[in-house]
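Here the structure is a predicted model, which means the values were calculated and not measured. Naming: A, B, ... by sequence-line order, numbering from 1 per chain. Heavy-atom basis, side chains included; hydrogens, waters and symmetry copies ignored.
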Amino acid sequence: MIQAILKRLLGAVPAIIGVVIVTFVLTRALPGDPAAYFAGPAGSTEAIEEIRVKLGLDRSLPEQFVSYVGDLVRGDWGNSLTTGQPVLAEIADRLPASLELTLVGLLLAVVVAIPLGVLAATRPGSWIDHLCRGITTAGVSLPTFFTGLLLAYVFYFLLGWAPSPLGRLDPYATAPDFVTGFYLIDSLIAGDLETFASAAKQLILPAITLALFVLAPLARMTRASMLGVLSADFIRTARASGLRPTTVLFTYAFRNALLPVLTTLGMVFSFLLGSNVLVEKVFAWPGIGSFAIEALVASDYAPVQGFVLAMALLYVLLNLLIDVAYGLVDPRARLEA
Amino acid sequence: MSATPSAATTATPVAATQSGAVALWWRNLCYVFGENPLSAIAAGLFVFFILLAALGPWLVPYDPLASHVGDPLSPPSAAHWFGTDALGRDILSRVVIATRLDLGIAVAAVALSFVVGGLMGAFAGYFGGWFDRISTRVSDTIMAFPLFVLAMGIVAAMGNTVANIVLATAIINLPFYLRVARAEVRVRRDAGFVEAARLAGNGELRVLFHHLIPNILPPMMVQISLNMGWAILNAAGLSFIGLGVRPPEAEWGIMVAEGAQYIVSGEWWIALFPGLVLMLAVFCFNLLGDSLRDLIDPRRRT
């Protein structure tokens, strides 16, 4: 098993190299001359030239690439011009907020989508099947930023059930001591239920917004793959052998149907991380997405590059986890590796 | 529903290959629409959006960019069906005018990735070799990013313009077309009709362009229609975070962003109407995509 995981890790190397090359190209494709930008409007030609040498922009592209990779590995991702902080530190600081939101959103989506898909597949043509169809078609059409606003309007402004859609905690609560960076977990570790409730209240609307969007592909895939598996011969055999319906459904059918769903998770993570940015903007969530948007608006490019790189590495990592999970669910995948 | 077309085909049994195919296609269409009445609604909506995009400037009651055509922030009324925004601009007019820009961005982006991705995929699938390896590597690298994030990075690096929004949306969609074209060409590369075309003395390029590419168009069309809605969403998302389209311009994503700050104080109409229309457009394209797929490739139905 460990060998298989190591092999998968090696398999992710080309993807990481590709990601670094693309971010390097994006860095070089910056609008304008970075040296002139750093020198400021008053910079003389000599000053610009000096900065160019200092930034290494006078060297050839391959040389620049090597030093770029060296900087990345050393953890030097540049400085944010607006906050003056190193980009890597800023991202590390804000990453838990984004991860907490993304993971809770995913959890909500999985908890709803998989039972929905299974129920729809076991009762084709029933109302639950139609519900599943409706949700899956409507779900992928929802612009996340719009559903987020709509939820905020209904549950904050009209009903007053949710707190104001600003940030991770209400303004009077203090953040729990840093352990994992996830407020839900940290507040529980500190035994502070009040903070936990406050964090959960703030989290619920953005998490539902994310979940609504990724629910559709998950439910759709679960339904389709359950339908396929349920009509397979080995299920008929299992039924004919007199196994209990629940055994057939969960041990035989569900485990096999899970494989295509896991594959879909890769695409789902792509959606999740992307729409995370939009949801963070709507709910003023202090994660890396809103950090990147602020930087974009201020034409501060180092944080944007860092953000793209961090998200891509995170995505590669998540795909790796999916691969490992695949091996856990499917013994054949383990043998092949 | 199916009686008329089949009667038509039996009435002309001999010279009926062309009209028979049309009749069959028509019958399939009726079947798909009958099976899922939503498809018919989607088709109607599609026509509606095309008309809005084409005739928008002649339909709108007010100038979409003129401020103070009504009192600022007034709710929907008989004079302003969708209300007015903070500058007193008529939201209905802005929503209608935005249709052309939003659909235009999506169509341009999808067309670009269809042509470039399709050609790259077809070449890769047909000739294989180094071109295949490179293009597969390129598409894998694009897919290694969360796509919306990559689009943000591209627009940030290349400059904040509408043209770059189109380009970024095209780049992130490229792998889908490349993969479909490559796979479809590969399975047909050694088919009988291709061998026959080659033996008849056609050059490799001619075989590819005259015999293979026309045959992979149907699955590519399905890909396009499934992709359109996502392209619209993507472009609107980018302008929602302030990329591409600049403020006075009317565009659905940016209009929702403009309305966002007012929604917590109860002025719901500024964000609601552009958001709803955007949702409706995406929904319509997604439904149409599903129907088209059912029509062309029933095996992929889920």
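Neither the backbone nor the side chain of B:Ile232 comes within contact range of chain A; no heavy atoms are under 4.5 Å apart. Only the side chain of A:Leu296 comes within less than 4.5 Å of a heavy atom in chain B; its backbone stays farther off. Heavy atoms of A:Met221 lying under 4.5 Å from chain B are absent altogether. Both the backbone and the side chain of B:Leu272 come within contact range of chain A, judged by heavy atoms closer than 4.5 Å. The contact between B:Asn286 and chain A is made entirely by side chain atoms (from C-beta outward), counting heavy-atom distances below 4.5 Å. The part of B:Trp230 that comes within reach of chain A is its side chain, from C-beta onward, which places non-hydrogen atoms under 4.5 angstrom from that chain. At a 4.5 Å heavy-atom cutoff, the contact between B:Leu276 and chain A is made by backbone and side-chain atoms alike.
Of all the heavy atoms in B:Pro146 and A:Ala312, the pair that sits closest is CD-CA, 3.9 Å.
Put simply, CD1 on B:Ile241 and OG on A:Ser290 are 11.0 Å apart, with the number rounded to the nearest 0.5 Å. The structure places CG of A:Leu273 at 12.0 Å from CZ of B:Phe148, a figure rounded to the nearest 0.5 Å. Here CZ of A:Phe145 is found 5.0 Å from CG of B:Leu278. Values are rounded to the nearest 0.5 Å. Atoms CG and OG, from B:Leu280 and A:Ser141 in turn, are 9.5 Å apart once rounded to the nearest 0.5 Å. Here the CE atom belonging to A:Met267 is positioned 4.5 Å from the CE atom belonging to B:Met143, to the nearest 0.5 angstrom.
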Side-chain donor-acceptor pairs under 3.5 Å in residues 17-26 of chain A, sequence neighbours left out?
residue	atom	partner	partner atom	Å
A:Thr23	OG1	A:Val19	O	3.0
A:Thr23	OG1	A:Val20	O	2.9
A:Thr23	OG1	A:Tyr68	OH	3.3

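You'll find the side chain of B:Phe240 reaches within 4.5 Å of the side chain of A:Val282, heavy atoms only. Side-chain contact between A:Val304 and B:Met152 is absent, with no heavy atoms from C-beta onward closer than 4.5 Å.
Applying the salt bridge (Lys or Arg N to Asp or Glu O under 4.0 Å) test to residues at least two apart or on different chains, none of the pairs has a partner in residues 273-283 of chain B.
Judged by distance alone, the side chain of A:Ser270 and the main-chain N or O of B:Leu147 form a donor-acceptor pair under 3.5 Å.
With sequence neighbours left out, the side-chain contact (heavy atoms from CB on, under 4.5 Å) criterion links B:Leu233 to A:Pro143, A:Phe213, B:Val282.
Residues of residues 98-109 of chain B lying under 4.5 angstrom from chain A, judged on non-hydrogen atoms, do not exist.
The local environment of CZ in B:Phe48 is sparse, with at most 12 non-hydrogen atoms from other residues, nucleotides or ligands closer than 6.0 Å.
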